[in-house]
Amino acid sequence: MAVLQKIREKSGLLIGVIGLSLFAFIIGGLFEGGINFTSRNVGEVNGVAISAADYSNKIQNLEQSGRGKGSQLHNQVWSNEVRTILFTEQLDKAGLRLGKDQLINVLKTDPSFAQNPQFLNDAGKFDINKFNTFLAQMKAQGPQQWNAWLAYEKQLETVAKEQMYLNMIKGAIVTTTAEAKMVYKNEATKVSFDYVTIPFSSINDDQAKVTNDEINAYVKKHAKQFKTTPSRKVEYVFVANKPSQEDEAASKQIIDDLLKPSIVFNKTTGKNDTISGFAKATDIKAFVNQNSDVPFDSTYYAKEQLPVEHAEKLFAAPTGSIYGPYLFNDYYAVSKVVAKKNTAETVDASHILIAYKGADRADAAVTLTKEEAKAKAEALLKQAQGGADFAALATENTNDTGSKATGGKYPNINKGQMVPSFDQYIFNNPVGKLGMVESDFGFHVLKVDKVNEKEGVQLATIAKKIESSTKTEDRIYAQANKFLESVESNSNDFAKQATAQGLVSFPATKIDPFDDQLTGVEGTQAEAIRWASNKKTSIGNVKKFDSADGYLVVKLVSINDSEVMDADDARQTVEPILIKEKKAAIIRKQMAGNTLEEVSKNAKAGIVNAIEVTGANPMVNGFQEPLVVGVALGKKPNETSKLIDGSNGVYMVKTKNITKAVDLPNYLTYKQKVRTNNRQMAQNMVFSALYQNAKIEDNRAKVLQ
């Protein structure tokens with residue numbers, strides 16, 4: 001039911017997916033011109049500047065090609081710029097160069113090329129000749145398109161050289177026999193020991209509270225682990241511009257009235273006319289178009305295409321009956337069952353494509369003119385109409401590599417799947433019908449092989465959007481202004497005032513200068529976020545922002561322009577570490593003594609046995625405790641350790657015996673295992689090391705304000 005489909009669209013619940021061709025993606029997306037900025041830079045990485053103009057152009061181009069928006073793209077482009085600069089330094093030092101053949105190999109492994117029919121031969125393999133034809137076409141388009149390709153090629157080259165560099169590092173990783181032997185012994189050497197432990201969980205978290213100052217001190221000491229970009233935190237209240245129950249009732253009343261006869265004055269006759277209600281209207285289309293917010297649609301729809309919550313009843317209702325009124329998204333609606341019939345759900349069809357020089361996606365082998373292609377297609381149509389085998393004609397003549405091997409057949413074609421002329425022909429002709437249509441790809445000789453039908457229903461639906469009345473809008477506006485006035489004089493009462501006035505206050509929320517949305521708020525809130533990120537806005541400032549969706553009142557809570565996280569952001573990571581340290585200090589006082597027996601007595605904890613534990617699988621007390629097992633392995637039999645701060649508690653161990661691993665004839669299997677593991681880890685470790693030791697300045701928020 002397209003009317004309900006349109007309601008979905010208007011309500012923002014239907015997402016359209018638009019497929020872009022590779023050519024359009026490259027030219028129309030990545031490389032179009034963007035906003036021009038001054039010569040200021042958005043940041044530096046090890047002294048290498050990142051141009052504001054280049055950065056902004058990349059953001060704009062990605063937005064235009066539908067690759068995202070807001071902070072997602074800003075962070076993506078920034079991360080890519082940082083990574084490129086860091087690796088370029090290393091690539092230059094290594095003197096890496098990439099030849100044309102190597103670049104082609106990169107293209108062959110890129111899905112954008114390797115899986116694109118435009119570059120594949122009949123066997124489905126990457127065809128260098130088709131790719132060269134594509135390049136020739138790009139160059140013929142003019143300098144703008146050609147330069148765009150060269151820029152994209154340079155990006156591919158950078159990625160390829162980066163991979164070569166990482167492969168060189170991985171290839172240079174050497175695994176010694178001693179290293180392999182150590183890994184083997186870690187797996188095979190077993191230790192049995194007695195231990196006493198008090199778990200951290202035995203201490204209440206209230207006894208180990210962590211302050212912001214303690215977190216900040218930890219972050220300062222480990223600054224490289226907590227790098228961040230400039231950010232702000234805001235509190236906010238959103239007063240949504242939503243229709244009231246009275247507005248909903250008013251929309252329903254309109255629908256109810258349309259179901260009844262009405263009296264309308266006729267200016268021509270000077271008399272009152274009685275107009276039939278929806279159920280008895282003779283011109284259904286005109287009645288719907290005159291009274292509905294969504295126009296009449298004549299399409300037949302299968303049950304699964306109707307709104308889930310109403311599909312069963314709508315589909316089962318007899319022809320001529322009325323269903324509703326009912327709520328659907330932001331509308332009140334009523335539907336009349338106009339007709340039911342079997343319609344084509346999908347079609348099996350065969351075609352022969354005769355392309356001509358200059359047609360869309362025609363390869364270099366196509367030499368026919370448009371007139372010659374049309375004549376050939378007409379001749380093939382006559383042969384098919386005369387009884388010639390259609391599949392054989394397709395296999396021998398078609399320029400469509402996608403169906404050449406199947407005799408031109410395409411099964412289960414959905415409506416709208418093919419180009420319009422193709423689609424209209426196969427869905428509007430009977431089985432066996434032969435014909436010819438033209439498209440941007442050339443001329444198609446068509447045959448309808450099979451129509452797969454399904455019962456469909458045609459519905460006439462009157463839909464009235466539930467909208468806020470002037471009275472409702474005035475009330476919401478007054479409510480937002482009342483709250484604003486109450487917090488402008490004392491913003492410290494922000495949350496308290498919100499609760500008192502029946503509003504919801506969102507707690508301090510971190511925002512990126514390039515975000516455009518706030519949790520729990522409808523629509524785009526870029527203006528409010530830019531205000532909060534502006535250097536002229538001070539902590540405690542409050543401002544109201546108006547939109548069609550409602551009124552947003554924002555308070556700036558905190559500013560972090562440093563290069564490291566503040567206490568709130570780092571708390572999730574740091575707090576468990578500091579809590580464990582504090583609990584360990586408390587537990588250590590309970591575990592007084594120099595022997596296992598003394599500690600057991602003072603701590604009122606029993607002595608437990610651990611039997612044949614290995615360093616590779618250090619399970620103690622049901623937990624992974626590598627440090628505890630490592631200490632036990634390092635002690636002599638009957639030797640007692642000092643207190644150990646483990647992962648899950650404080651321990652004291654007494655080693656009983658160690659069963660050493662038996663030497664192997666060789667360690668080749670372990671050597672290979674260690675080498676593979678080390679090489680897999682290398683890639684992430686290289687970039688992490690480069691990033692942690694880089695001097696990075698992020699000035700985006702200041703420059704792009």
Heavy atoms only: give me the nearest [X]-[Y] pair and the separation to one decimal.
X	Y	answer
L596	D194	CD2-CB, 3.5 Å
P199	I587	O-CD1, 3.7 Å
A180	V674	CA-CG2, 4.4 Å
K224	K227	O-CG, 3.9 Å
A610	Y195	CB-CE2, 4.0 Å
E44	A49	CG-CA, 4.0 Å

Any chance you could measure [X], atom [atom1], to [Y], atom [atom2], to the nearest 0.5 Å?
X	Y	atom1	atom2	value
Q525	T519	CD	OG1	11.5 Å
F623	Y651	CZ	OH	7.0 Å
D54	I59	CG	CD1	12.0 Å
D569	F226	CG	CZ	11.0 Å
I215	L578	CD1	CG	6.5 Å
I198	N648	CD1	CG	14.5 Å

[X] side-chain N/O to [Y] backbone N/O, donor-acceptor pair under 3.5 Å:
X	Y	value
T537	W531	yes
T524	D516	no
N216	A567	yes
T655	A632	yes
N132	I128	yes
N617	T614	no
N560	S562	yes
S231	D512	no
E625	S647	yes

Are [X] and [Y] packed together at the side-chain level, in the sense that at least one heavy-atom pair is separated by less than 4.5 angstrom?
X	Y	answer
V42	H74	no
D663	K181	yes
V574	M565	no
F87	L166	yes
L664	Y184	yes
Q76	L73	yes
V564	K220	no
V608	N621	no

Under 3.5 Å, is there a donor on one side chain and an acceptor on the other for Q680 and T676?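 Side-chain D/A pair, Q680 to T676: absent.
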Using the rule side chain to side chain donor-acceptor pair (under 3.5 Å), only one of E81, R700, Q60 pairs with Y55; which is it?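 Only one option passes, and that is R700.
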For D645, which of K583, R588, K580 qualifies under side chain to side chain donor-acceptor pair (under 3.5 Å)? R588
When T509, D568, L556 are each screened for side chain to side chain contact (heavy atoms under 4.5 Å, CB included) with K233, the one that passes is D568
Walk me through whether V650 and F200 qualify under side-chain contact (heavy atoms from CB on, under 4.5 Å). CA-CA 7 Å; V650 179; F200 293 131; 3.9 Å; yes
Carboxylate-amine/guanidinium proximity below 4.0 Å for K535 and D561: no
Ion pair K673/E187, N-O distance below 4.0 Å: yes
Apply the test ring pair (Phe, Tyr, Trp, His ring centres under 6.0 Å) to residues Y218 and H222: give CA-CA distance (whole Å), side-chain angles for both, the deciding distance (0.1 Å), then the verdict. CA-CA 6 Å; Y218 185 93; H222 305 85; 4.1 Å; yes
Might you work through the side-chain contact (heavy atoms from CB on, under 4.5 Å) test for I658 and V191, ending with a clear yes or no? CA-CA 4 Å; I658 297 174; V191 61; 3.9 Å; yes
Just say parallel, tilted or perpendicular for the rings of Y236 and F506, cut-offs at 30° and 60°. parallel
Are more than 12 heavy atoms, taken from residues, nucleotides or ligands other than M619, located less than 6.0 Å from that residue's CE atom? yes
Are more than 12 heavy atoms, taken from residues, nucleotides or ligands other than K656, located less than 6.0 Å from that residue's NZ atom? no
I'd like to know whether N677 forms a side-chain contact (heavy atoms from CB on, under 4.5 Å) with V183, so could you lay out the CA-CA distance, the side-chain angles of the two residues, the decisive distance to 0.1 Å, and finally the verdict. CA-CA 12 Å; N677 184 61; V183 171; over 6 Å; no
Does K635 make a cation-pi contact with F193 (under 6.0 Å, within 45 degrees of the axis)? no
In sequence, state the C-alpha distance, the side-chain angles, and the governing distance for L690 and E89, and then conclude on side-chain contact (heavy atoms from CB on, under 4.5 Å). CA-CA 10 Å; L690 292 175; E89 289 180 342; over 6 Å; no
